[in-house]
Amino acid sequence: MATKNWIGFPHVVESEQFSREVLEEIFALAALMEKGDFEPFKSPKRMISFFYEPSTRTRASFEIAMDLLGGRVVFSTENAKEFSSVAKGESLADTIRVLCRYKPDVIVLRHHEDQGAAEAAGVSTCPIINAGSGKAEHPTQMMGDLCTIQKRLGSIDGLEIGLMGDLKNSRVVRSLAKALCRFPGVKIHFISPPAFGIGEDVKHRLNNHRVPFTETADLQSVSSKVNALYQTRIQTEREDEPEKLEAFLNGDFHITKDVMSSMRKDAIVMHPLPRVKEITTDVDADPRAVYLKEQIDNCLYVRMAQLHMILAS
Ligand code: NCD
């Protein structure tokens with residue numbers, strides 16, 4: 001498969017780098033990864049995974065992806081703020097410069113600042129993959145999410161997608177909403193308390209691409225319409241004004257069996273995880289719930305695809 005490089009290749013910083021064509025190429029390569037139909041790396045490839053914030057799935061899936069491709073994770077830290085020289089006051093730029101001296105082939109970075117990945121890419125001598133930056137972006141989660149929608153529903157074009165929960169603080173939703181602009185006919189419903197609505201910059205991008213969207217605090221008004229309902233966690237750790245979180249108690253922002261019964265028979269329910277209480281556990285067994293199932297698998301396959309595109313060429 002011929003790799004069509006994306007804007008800013010080989011770094012993966014933000015959703016907007018990826019055209020529809022490149023996204024489709026990533027999904028196609030992810031399908032080969034799933035089937036085991038790929039060539040492992042022919043020469044040694046070394047990954048550093050450097051996470052300043054907690055992670056289970058993202059770090060595990062990147063490290064497992066590297067292993068499955070025949071590469072090695074040579075250095076990995078799960079709490080860089082505490083367990084690296086960052087605790088002594090080192091800047092991100094200096095940390096990346098130092099890590100690059102050890103000649104890794106790729107650095108997978110999660111950082112608490114919105115510009116973390118961009119800043120790292122600016123000084124790095126090897127590819128940087130953004131594994132989540134502040135409240136801003138989580139591009140590889142977006143790829144796994146879109147891949148899941150495409151595989152389950154056949155196409156992304158023309159779908160109605162509900163994006164729900166703490167939209168103000170969710171980097172996952174921001175990356176996903178921005179990427180949905182690439183798919184004609186998509187309509188988005190943002191479902192959240194008004195104080196936790198999606199950012200103006202995302203709305204601006206949707207308007208520029210003529211993507212219709214609504215904003216509502218009433219899940220019932222859209223639950224029967226959507227083809228995919230994407231739930232998110234309330235990001236208590238990111239909220240500057242925690243008292244505002246009570247807004248979630250005053251409305252109904254949970255996905256329950258009742259909500260499921262109002263939804264289309266062929267709709268899907270997604271969540272990037274970790275799930276706290278925003279989807280009740282009795283929904284998990286519903287065949288439309290994909291969050292503890294293929295959504296996780298697809299995030300692994302797209303990460304394998306990304307690493308392959310960056311490192312095998
Ligand atoms: C998310 C994240 O870290 O942004 N999780 C993930 O990567 N799958 C969502 C969250 O923390 O709520």
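For ligands, and for the atoms within them, numbers begin at 1 and follow the listed sequence. Along the sequence shown, residues are numbered consecutively beginning with 1.
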Peer 1: Which of the numbered atoms in ligand 1 are under 4.0 angstrom from any heavy atom belonging to Val172?
Peer 2: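 The atoms of ligand 1 under 4.0 Å from a heavy atom of Val172 are 1 (C), 4 (O).
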
Peer 1: Does the residue Arg110 have a heavy-atom contact with ligand 1, meaning some pair of atoms that are separated by less than 4.0 Å?
Peer 2: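 Right, Arg110 reaches ligand 1.
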
Peer 1: Within a distance under 4.0 Å of any heavy atom of His138, pick out the atoms of ligand 1 and give their elements.
Peer 2: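 In order of number, 2 (C), 4 (O), 6 (C), 7 (O).
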
Peer 1: Parallel, tilted or perpendicular, judged at 30° and 60°: which one describes the rings of Tyr52 and His111?
Peer 2: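 Perpendicular: the ring planes of Tyr52 and His111 meet at over 60°.
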
Peer 1: One thing to verify: whether Arg233 and Glu278 come together as a salt bridge, which I'm taking to mean a side-chain N less than 4.0 angstrom from a carboxylate O.
Peer 2: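 No salt bridge links Glu278 with Arg233.
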
Peer 1: Fit a plane to each ring of Phe248 and Phe196, take the angle between them on a 0 to 90° scale, and name the class: parallel (under 30°), tilted (30 to 60°) or perpendicular (over 60°).
Peer 2: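 Correct class here is tilted.
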
Peer 1: Using heavy-atom distances only, which candidate in Pro272, Ala131, Gly144 approaches atom 8 (N) of ligand 1 most closely?
Peer 2: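 Nearest option to atom 8 (N) of ligand 1, by heavy atoms: Pro272.
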
Peer 1: Look at atom 3 (O) of ligand 1 and find which of Arg171, Arg233, Glu278, Lys135 reaches it with the closest heavy atom.
Peer 2: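 Among Arg171, Arg233, Glu278, Lys135, the closest heavy atom to atom 3 (O) of ligand 1 belongs to Arg171.
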
Peer 1: Relative to each other, are the rings of Phe41 and His308 parallel, tilted or perpendicular (30° and 60° limits)?
Peer 2: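 The arrangement is parallel - the two ring planes meet at less than 30°.
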
Peer 1: Under a 4.0 angstrom heavy-atom cut-off, which atoms of ligand 1 come close to Leu273?
Peer 2: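 In order of number, 1 (C), 5 (N), 6 (C), 8 (N), 9 (C).
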
Peer 1: One thing to verify: whether Glu16 and Lys178 come together as a salt bridge, which I'm taking to mean a side-chain N less than 4.0 angstrom from a carboxylate O.
Peer 2: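 A salt bridge is present here (some side-chain N lies under 4.0 Å from a carboxylate O).
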
Peer 1: Under 4.0 Å from a heavy atom of Thr58: give me the atoms of ligand 1 that qualify, with their elements.
Peer 2: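 Listed by number with element, the hits are 6 (C), 7 (O).
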
Peer 1: Can we say Lys293 and Asp284 salt-bridge, meaning some charged N sits less than 4.0 Å from an Asp/Glu carboxylate O?
Peer 2: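 Looking at Asp284 together with Lys293, the answer is no, because their closest N to O distance does not fall below 4.0 Å.
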
